[in-house]
Amino acid sequence: MTAVEWLTAQLAPLVGQSWAVLVVYLALSAATIGFVLAAAPGLVWGMRKVMGHVQHRTGPYRVGPFGLLQPVADGIKLVSKEDIVPAGVDEFSWKLAVYVLPVPVFIVFLFIPWHPGFVVSNVATGIVLLLAVAAISPVGEVLAGWGSNNKYSVLGGLRAAAMDVAYEVPLVLAAASVVILTGSMEMQAIVEAQQGVWFFLVQPIGLFIFLIAGLAKIGVAPVDLAEAESEFVAGFHTEYSGMRFGLLFLTLFANIILISLLTSILFLGGWQAPLGLFDGVWWLLAKTVVIAVFLLTTWFTLPRVRVDQFMNLGWKLLFPLALVNMVIAGVLAKGGIV
Amino acid sequence: MARIVKSGSPEEGVFLTSVDKMLKWGRANSLWPMQFGLACCAIEMMATMGPHHDIARFGSEVFRATPRQADLMIVPGTVCKKMAPRVRKLYDQMPEPKYVIAMGACASCGGPYQNSYSVVQGVDKVIPVDVYVPGCPPRPEALLDGLQRLQEKIQQDPEPAIRFAKDTEDTEELTSEREAKQRRDWELGPSELGGEPA
Amino acid sequence: MSLADDVIDTVQEHVIEEDVQKDKPLLVTDPEGLRDVMAEAQDAGFDHLCFVTAVDWPKDEIEDNAAWLGFTEEREVEDPDDEEDEDATETVPVESKGWHLDDVDDGLMEVVYNLYSYDEGDHLAVQVWVPREVDQCSVPTVSDLWAGANWHEREVFDLYGVTFEGHPDMKRIFMPEDWEGHPHRKDYDLGEQQYIYREDGIDKVTKDAGKGW
């Protein structure tokens, strides 16, 4: 019996079955999204500290203990900034974009298997649905870029969309290899299939592809081509100020959390413990933090690549490599090795 | 929030006072500067971002490339007459509340370019300045001192809520009001702002 | 033998003065010979035009520095009136840079081209001296020889008022189009400030301090 079923069963005698399902799902969704909303500012603090130490600095430490209140100050400031709607923007699409971008990213956290038997929404096609919902972002990027009435925004939005589309392919193919090995698209099943051996041992190429494609999806240096200052100011969010920009900023960090979580789940065994020690959500979070710190270190270490080089890498190297990797996964699965 | 509640008005109460404190604290500790440089002072500004001086300690390492997301305009260097309209435009594109540090002798008063055909004699002729940092160019320590003085100034802002504005008319009114206030600050001198002259 | 010597030998008829002993060999020519000299220099291997600049010499400054510039020369007096003072000298005007001091009305403008050869590492400075009055102050362009000369020449035009004949786009590069005067000229009036403001997407000049900056 999963956690959701158990909660529903407890509540059903009090309010009736259908109300219980509704209440439990709403409460768990709110809790999950609330957790991510709280974790993203935490990651902002972590990002600034990691950035500091990678660059031989200390990072923020004046605001609160260890600078922990820095994201709070940022939040207060962003909320209280003047809300500028520039002249000439297409108000509908411009305002819509800041919801189109974050909402799918927050929704997909409902498909994440946090703990043995605990997925808020345990659909049978979990990983495919997750990647499909997360793939809405190019729409938001183009909306933001086009709506801004600013040439830098248009170019940035189109480039962001092009990158997202290009790297969605290897990302999905790397995830598909894992699905082939598992024989199921259910998120919980993918984690359980790694009981014996975590997939990064049999799918090192898949992990490599997934991390690079994930970095492209997040869109930070070395692949922050969509907001390259030297090329187009700040890309599609050039014209956003105050909390509208704050939402886009949150999306970035929610994306980092998402990619780290997915990497942990698909390749590092999710909530499974090494050596069978106390399986649970703590292992998933620990693995996520390790991957997130790895991504942040990459972000602050490497210089920006050129756009044509990066697009070549995606279409000409990662895409064929992902196909080869799928064949390897098929052979492994057919041979009963995993 | 289009409506402006002024301090001292009957509408203000304990709640608004606390909100005021929170706003001032948030703004003072999250000053995101705009990423632009005009002359050699910009090199010192970059050194201030570097590991030795580390402006990140005060939460100000987030240099934004677009004025829409910046709170603080550090004017690092000589403001040419030709650059002045652009500086003004960038300043106008920043959302309220916005602050300005004039970094170095050129931005403060023209510096070595006194009576030059091409140099504006101080960026305060173009935009209202909150803090002047002397030096040619100032050392990173001096810029950090200027930043901290600006933080003190924001913490002592008597009317933080006045910086809320939505309509264009309001913004214009507020900008002029704010400039008047800054002139007053300037006339009062640094002692009124709780500090010795730098 | 350096490239500079090659050039000077080849265009001997245009060379007014030369000094190859310096770190940077110097060649003074006249506006008529400039294009021949520069084309020859480029053929000889000076593939890089470092920069073009000018020096403004009003008449009184030329007179103050006449000896140094070579417009006058100290000579021993051949028949001294006073027999006892045998070492007496007199100052005699001589021709220099293609000019005689008496022919100079308002002053002279010295236009300097600095050339460099990447292969040989050689330098060459080419000077042309022209009258400094704005309507006569003109030299032929070299922007067809070195494309980089285009903006250098516009800069010299903007700041010194030297017109480059044959230049494809002879207009100001730094100051707005309607700026009065050429600021690096020594007689430019700094007392009367001009201010810049933006209108319809272009820079305009005003003398009203309240209108521009």
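Since this is a predicted model, take the numbers as computed values, not measurements. Letters A, B, ... are given to chains in the order of the sequence lines, protein chains preceding strands, and every chain is numbered from 1. Because only heavy atoms are used, hydrogens play no part in the values below, and waters and symmetry mates are left out as well, while side chains stay in.
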Using non-hydrogen atoms and a limit below 4.5 Å, what part of [range] faces chain C?
{"range": "residues 59-87 of chain B", "result": "B:K81, B:K82, B:A84, B:P85, B:R86"}
{"range": "residues 36-58 of chain B", "result": "none"}
{"range": "residues 108-115 of chain B", "result": "B:N115"}

Does C:W213 use its side chain to pair, donor to acceptor, with the backbone of B:V120 at less than 3.5 Å?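 No, because the side chain of C:W213 does not come within donor-acceptor range (under 3.5 Å) of the backbone of B:V120.
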Determine whether more than 12 heavy atoms belonging to other residues, nucleotides or ligands lie under 6.0 Å from atom NZ of B:K89.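 No, not enclosed.
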Output all residues satisfying salt bridge (charged side-chain N to carboxylate O under 4.0 Å, His left out) with C:E95, sequence neighbours left out; order by chain, then residue number.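 With neighbours one apart ignored, the set is empty.
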Closest non-hydrogen atom pair between B:Y117 and C:Y188, with its separation: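 For B:Y117 versus C:Y188, the nearest heavy atoms are CB-CE2, 3.6 Å.
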As an exercise, state the distance from OG of B:S118 to CD of C:Q193, rounded to the nearest 0.5 Å.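 Answer for the OG-CD pair, B:S118 versus C:Q193, is 9.0 Å.
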